[in-house]
Amino acid sequence: MRNQSSFYTEYETKGKIVMKKAGKINKTYLWKILLSIVLTGSCCFVLLLFTGLIPRSAIKESCIESAEYFSEYGMFPCLTEGQLNTKKDNYSDCILVDIMYHISQDELVKSTVKASYYQPETTTINIGFMDSLKEDKVPNVEYSRYWHGTLTFLRPLFTFTDIQGARAVLATVWIALTIGNLFLLWKEKAKVLAVCYLLSNIWLQAWVCTTCIQYSTMFFMMNGVSMAVICLFRKRKDIESLYRKIGILMAVSGVCTCFIDFLTVETVSVTVPLLMLLVLRYEAGELSEWKTEFLRIASWGLTWGAGYALMFVFKWILVTICFGRESLLLALSSAGERFLGETYMGGISLTPIATASELFFGAIFRNQGMLFPYKENMSDLAGFLSFFAVIFLCGSLIYLFRGKNFSGKMLLLCAILGAVPYIRFMVLQNHAFIHYFFTYRAQMVTVTALLYVTWEFGLKNVLGKK
């Protein structure tokens with residue numbers, strides 16, 4: 001018989017070998033994540049430069065037609081009169097087209113990095129853009145803090161259509177991706193999730209996104225990443241391989257989100273795909289204990305955040321190299337305003353400045369209020385109370401009709417993902433307070449999760465049986 005000391009020696013040796021192999025795997029995985037971020041970011045930049053080679057003359061006619069459209073329809077029209085959650089943002093789209101027009105082939109790298117447009121202090125962006133088309137104007141406003149990667153789509157599209165045509169093309173793509181997601185979920189027998197996802201798109205006025213480039217890009221990303229997640233789940237061979245692939249996908253998603261987003265609802269490209277993955281794994285009976293699942297979701301979120309943040313760092317490094325430290329400080333200062341910058345209650349300087357508490361609660365309550373037919377005369381408190389009423393109703397249905405299928409672990413994990421938009425609103429208070437009429441769509445994950453758990457742990461036990 002083997003003696004006790006030799007047994008422990010062998011056990012310890014095997015343990016060290018296993019730990020050593022695990023360490024190598026983790027290091028290799030981290031290097032793959034970093035390499036994915038670097039390669040994706042580099043490809044995005046090269047693609048932006050490549051499309052910048054399209055001559056200005058090839059897009060000028062489409063730019064003129066677009067400028068006429070912006071002049072006719074204004075900057076922030078409501079598609080449904082008086083209903084703020086249907087407000088359209090022509091302002092940002094006009095800036096994108098203005099930047100695109102002023103990309104110079106003579107100084108391609110510098111003009112792409114600087115992302116300047118023309119707008120005199122005494123005129124609005126649409127008038128300034130029209131003036132720059134009538135006469136050769138030197139761009140006077142620098143917008144280097146963002147990537148403006150949407151120009152990689154817009155510039156080729158503008159060789160044969162204007163802003164309205166470009167919107168229609170991009171909207172068609174993300175609608176097709178949405179339908180693709182619903183089809184894959186249905187095929188995976190996640191029919192409840194498919195219905196909840198469709199209802200959340202309706203609830204959050206997703207149709208408005210067909211009318212604005214700025215709105216459609218993140219829905220494009222969200223649906224594309226979600227489809228990739230579902231496909232990876234369907235083709236999984238082992239759990240660990242799936243987790244590593246999801247991690248790499250989140251890193252790539254973070255980079256691409258930073259590249260094409262104009263600071264709208266950036267978190268949907270990570271929260272919605274992870275919610276879909278969570279539900280699929282729950283219905284397949286593959287969930288571990290809640291702490292393990294929480295750490296896994298957090299690690300994927302951090303990986304996405306690393307890709308997102310490093311892509312910003314890449315842009316700011318380019319700004320410093322091309323234009324020096326002062327341009328970098330200007331970009332960082334402008335970005336910093338989105339956190340706790342001075343904010344006016346009515347959105348214009350003639351109205352009072354919001355206090356710290358008004359800014360904090362307004363950033364959250366206004367976005368919650370947009371889930372309902374919110375109008376100008378509806379208070380922030382009314383928006384919060386309406387939202388709270390829905391949460392209370394759904395919670396009551398779950399509590400009253402819960403059955404043997406109730407999973408506190410699943411409910412908690414869904415709540416964690418659903419809380420991400422509100423963390424985003426609290427961090428970017430200035431931005432969420434001012435632009436609540438489109439940032440509220442970050443709650444896509446919240447609404448989808450809420451609908452799912454209300455049915456799965458509540459109504460299903462009553463209506464499902466009948």
Side-chain angles (χ1 to χ4, degrees), residues 18-41 218 221-222 224-259 261 265-314 407-424 426-427 442 444-446 448-449:
V18 171
M19 289 177 66
K20 189 174 181 181
K21 287 182 178 180
K24 286 182 178 179
I25 292 173
N26 288 335
K27 287 181 181 178
T28 303
Y29 174 62
L30 291 175
W31 277 112
K32 286 182 178 179
I33 292 290
L34 184 59
L35 183 61
S36 300
I37 291 172
V38 172
L39 288 178
T40 305
M218 279 301 93
M221 274 295 302
M222 174 185 71
V225 177
S226 296
M227 285 189 72
V229 164
I230 298 169
C231 290
L232 288 174
F233 177 80
R234 292 185 65 193
K235 296 179 180 179
R236 70 195 185 284
K237 294 181 179 179
D238 61 88
I239 298 300
E240 289 305 317
S241 174
L242 172 65
Y243 294 159
R244 288 194 291 271
K245 288 176 182 178
I246 294 297
I248 293 172
L249 176 63
M250 289 302 111
V252 173
S253 172
V255 172
C256 294
T257 297
C258 178
F259 182 65
D261 185 40
V265 289
E266 65 289 334
T267 55
V268 297
S269 66
V270 60
T271 54
V272 172
L274 290 185
L275 176 66
M276 290 188 175
L277 180 62
L278 176 65
V279 173
L280 290 171
R281 291 175 57 240
Y282 163 72
E283 295 187 349
E286 296 178 1
L287 289 184
S288 305
E289 60 178 5
W290 84 268
K291 186 177 180 181
T292 302
E293 294 300 333
F294 169 73
L295 291 175
R296 189 170 287 136
I297 290 173
S299 67
W300 286 330
L302 289 172
T303 303
W304 178 91
Y308 186 81
L310 288 175
M311 192 60 176
F312 262 122
V313 171
F314 180 28
S407 171
K409 172 176 63 180
M410 184 61 179
L411 190 65
L412 181 60
L413 292 171
C414 285
I416 290 169
L417 282 173
V420 171
Y422 306 107
I423 298 172
R424 186 255 191 233
M426 287 187 285
V427 172
M444 175 69 72
V445 65
T446 313
T448 306

- side chain to side chain donor-acceptor pair (under 3.5 Å) partners of Tyr422, counting only residues at least two apart: Gln443

- Message: Applying side chain to side chain donor-acceptor pair (under 3.5 Å), can you list everything that pairs with Thr257, at least two apart in sequence or on another chain?
- Response: Ser269

- Would you please name every residue forming a side chain to side chain contact (heavy atoms under 4.5 Å, CB included) with Ile239, sequence neighbours left out? Tyr243, Glu286

With heavy-atom distances below 4.5 Å as the criterion, would you say the side chains of [X] and [Y] are in contact?
X	Y	answer
Met250	Leu274	yes
Trp31	Leu34	yes
Leu242	Phe233	yes
Leu232	Ile246	yes
Leu310	Val38	no
Met221	Ser253	yes
Ile297	Leu417	yes

Nearest heavy-atom pair of [X] and [Y]: which atoms, and what distance?
X	Y	result
Thr303	Ala251	CG2-CB, 3.7 Å
Tyr282	Ser407	CE1-CB, 4.2 Å
Gly307	Val255	O-CG2, 3.5 Å
Pro273	Val225	CG-CG1, 3.6 Å
Thr40	Cys256	CG2-SG, 3.8 Å

- Message: With a 3.5 Å distance limit and no angle check, can you tell me whether Ser226 reaches the backbone of Met222 through a side-chain donor-acceptor pair?
- Response: yes

- Does NZ belonging to Lys32 count more than 12 external heavy atoms closer than 6.0 Å? no

